[in-house]
Amino acid sequence: MNEKPRLNRADFYRDVYEVVKLVPKGRVTSYGAIARYLGAAKSARMVGYALNNCMDRADVPAHRVVNRLGLLSGKHHFPTEDAMAERLMAEGIVVQNDQVQSFSEKFWDPNEALSFD
DNA sequence: CACTTGACTTATT
DNA sequence: TAATAAGCCAAGT
């Protein structure tokens with residue numbers, strides 16, 4: 001299987017949006033998981049960058065993306081400090097102290113979900 | 001054109 | 001176990 005580690009910037013961003021949109025309601029994923037799914041595990045930062053651009057798009061549930069520890073690392077980028085937590089809790093996710101509770105249970109990995117063959 | 005910063009992750013000390 | 005360093009890639013200054 002030949003892979004293209006170097007995705008086009010625009011494609012990478014677009015893919016990030018796609019994957020984030022694929023995150024089921026009540027679930028969360030991590031930057032690394034998305035990056036890895038896209039074939040750029042080390043480019044987890046770029047995922048965050050992409051999401052920052054996606055903030056203008058209401059169709060991208062960026063609030064479902066947290067860091068690998070389940071921390072709402074991106075909450076500071078939301079319109080309000082608690083917007084991210086509020087949205088997550090509105091979807092049934094328990095967030096406390098800016099941290100997703102039962103993160104392991106709520107964690108949704110695109111690699112697993114899409115590899116359900 | 002070079003340097004700094006950033007919604008991260010993994011490895012090493 | 002916790003703290004620090006390095007790796008990664010893009011965008012802004």
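The sequence lines fix the lettering, A, B, ..., with proteins before strands; numbering per chain opens at 1.
- Here the C1' atom of nucleotide dC8(C) and the CG atom of N67(A) are 17 Å apart, to the nearest Å.
- Looking at heavy atoms from C-beta onward, D109(A) lies in side-chain contact with R36(A) at the 4.5 angstrom threshold.
- Distance, H77(A) NE2 to dT5(B) P: 15 Å, rounded to whole Å.
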Could you spell out the base pairing of DNA chain B as a dot-bracket line? Use Watson-Crick and G-U wobble contacts where both distances are under 3.5 Å, [ ] for crossing pairs, | for partners on a different strand.
.|||||.||||||
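- Proximity of L51(A) to Y31(A): side-chain heavy atoms (C-beta onward) are separated by under 4.5 Å at one or more points.
- Nucleotide dC9(C) holds its P atom 14 Å from the OH atom of Y13(A), rounded to whole Å.
- Atoms CZ and CD1, on F12(A) and I34(A) in that order, are 8.5 Å from each other to the nearest 0.5 Å.
- Among residues two or more places apart in sequence or in another chain, the ring pair (Phe, Tyr, Trp, His ring centres under 6.0 Å) test is passed with Y17(A) by none.
- To the nearest 0.5 Å, atoms NZ (K25(A)) and CZ (R64(A)) are separated by 8.0 Å.
- A straight line from CD of Q99(A) to P of dA7(B) spans 19 Å, rounded to a whole angstrom.
- Within 4.0 Å of N52(A), counting heavy atoms only, lies at least one base atom of the nucleic acid.
- For R45(A) against dC9(C), no side-chain N or O and base N or O form a donor-acceptor pair under 3.5 Å.
- Across all non-hydrogen atoms, the minimal contact from L71(A) to V66(A) is O-CB, 3.4 Å.
- Picking from dT9(B), dC9(C), dA7(B) the nucleotide with the shortest atom distance to the side chain of A44(A) gives dT9(B).
- Look at the C1' atom in both dA3(C) and dA7(B): the space between them is 22 Å, to the nearest Å.
- Look at CD1 on I34(A): it is 11 Å from C1' on dC8(B), rounded to the nearest Å.
- Distance check, rounded to the nearest 0.5 Å: CE of M84(A) to CE of M89(A) gives 11.5 Å.
- When rounded to the nearest whole Å, the span between CZ of R87(A) and C1' of dA7(B) equals 15 Å.
- Of the listed nucleotides (dG6(B), dA7(B), dT9(B)), dG6(B) has the atom at the smallest distance from the side chain of M46(A).
- Taking atom CG on N53(A) and atom C1' on dA10(C), their separation rounds to 10 Å, with Å as the unit.
- A50(A) comes within 4.0 angstrom of nothing in the nucleic acid, heavy atoms only.
- Residues K21(A) and V60(A) have side chains in contact (heavy-atom distance under 4.5 Å, counting atoms from C-beta outward).
- With rounding to the nearest 0.5 Å, the separation of CG in N53(A) from CZ in R14(A) is 14.5 Å.
- Residues W108(A) and I93(A) fall into different hydrophobic clusters, defined by Ile, Leu, Val, Met, Phe, Trp and Tyr side chains chained together at heavy-atom separations under 4.5 Å.
- Between the base of dA7(B) and the side chain of Y31(A) there is a donor-acceptor pair shorter than 3.5 Å.
- Residue L69(A) contributes atom CG, which lies 13 Å from atom C1' of dA7(B) at whole-angstrom precision.
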Quick one: which protein N/O atoms are closer than 3.5 Å to N/O atoms of nucleotides 10-13 of chain B? Pair and distance per line, please.
from    : atom 1 : to     : atom 2 : distance (Å)
dT10(B) : OP2    : R68(A) : NE     : 3.4

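- The side chain of Y49(A) sits closest to dA11(C) out of dA7(B), dA11(C), dC8(C).
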